[in-house]
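Predicted, not measured: the structure shown is a model, and the values here were computed from it.
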Amino acid sequence: ARLIHGSESVAMVDAIATVDEEGEQWSVALINRHPSEDVACAVILDDRLLEGSYTATVLIGDSADAYNDIENPDRVVPVKTELAFKKGITSLPPHSLTIVENVTNT
C-alpha cells in the first residue's frame, strides 16, 4: 500500500535488515508512515515467516507531528516491548519506527 498526495506517493511501510557474519543475530527496522492507522506487515527472513514473540523497540509519539524539545523532552521515546508474529504478520502502530531483534524468540 502507498500513501498518496497529489501526484506523489510513498510506500506506507518500509524496512531495512541487518545480520551478523554468521547469519545468527539479526535486526529489522520497520517503518509505518501512515499518520493514524495500524498497518499489518509481513516479515520473511531466509524464506521463513517469522512466528512467535520477538524483542522490539518502538519509537512513537502522541501524534504524527510529535517531537522532543526543552519543554517536552520525553514526548517521543523508545519503548521496549515484545512483538508477536503469526504466520509472519504483525501490526505496526501509526507513524512509528519498530526495531525487531532475534534476541528473544519464544
ask   = Taking atom CD1 of Ile89 and atom CG of Leu49, what is their separation to the nearest 0.5 Å?
value = 8.0 Å

query = Has the side chain of Thr90 got a donor or acceptor atom that lies under 3.5 Å from a matching backbone atom of Cys41?
reply = no

query = Linking I/L/V/M/F/W/Y whenever their side-chain heavy atoms sit closer than 4.5 Å, directly or via other members, would Val28 and Ile44 fall into one cluster?
reply = no

ask   = So, the side chain of Ser96 versus the backbone of Thr98: is there a donor-acceptor pair under 3.5 Å, distance only?
value = no

task = Tell me, yes or no, whether the heavy-atom count around Glu22 atom CD, taken from other residues, nucleotides or ligands under 6.0 Å, exceeds 12.
result = yes

ask   = Nearest 0.5 Å, what's the CD1-NE2 distance between Ile31 and His95?
value = 10.0 Å

request  = Verify side-chain contact (heavy atoms from CB on, under 4.5 Å) between Leu30 and Val100, making sure each step is shown before the conclusion.
outcome  = CA-CA 8 Å; Leu30 304 166; Val100 183; 4.0 Å; yes

request  = Give the ring-plane orientation class for Tyr54 versus Trp26, where under 30° counts as parallel, over 60° as perpendicular and anything between as tilted.
outcome  = tilted

inquiry  = The criterion is side chain to side chain donor-acceptor pair (under 3.5 Å); which residues satisfy it with Asp14, sequence neighbours excluded?
reply    = Arg33

ask   = If two hydrophobic side chains count as joined below 4.5 Å and joins carry through other members, does Val39 share a cluster with Leu83?
value = yes

message = Test of understanding: clusters of I, L, V, M, F, W, Y form through side-chain heavy atoms closer than 4.5 Å, transitively. Do Val76 and Val58 belong to the same one?
response = no

remark   = Rounding to 0.5 Å, atoms OG1 (Thr55) and CD1 (Ile99) come to a distance of 12.5 Å

task = For residues His34 and Pro94, determine if any side-chain heavy atom of one lies less than 4.5 Å from a side-chain heavy atom of the other.
result = no

note = Residues Ser91 and Asp38: closest non-hydrogen pair is OG-CB, 3.6 Å

key: Connected via hydrophobic side-chain network under 4.5 Å: Ile16 and Ile60   = no

key: Heavy-atom side-chain proximity of Leu45 to Asn102 below 4.5 angstrom   = no

ask   = Hey, what do you get for CZ (Arg75) to CG (Asp62), rounding to the nearest 0.5 Å?
value = 4.0 Å

ask   = For the residue pair Ser27 and Glu101, what are the closest heavy atoms and their distance?
value = OG-CG, 3.5 Å

Spacing of Met12 atom CE and Ile4 atom CD1 [to the nearest 0.5 Å] = 8.5 Å

key: Backbone of Lys86 reached by a side-chain donor or acceptor of Glu51 within 3.5 Å   = no

request  = Give, for atom CG of Asn32 and atom CG of Leu97, the distance between the pair rounded to the nearest 0.5 Å.
outcome  = 10.5 Å

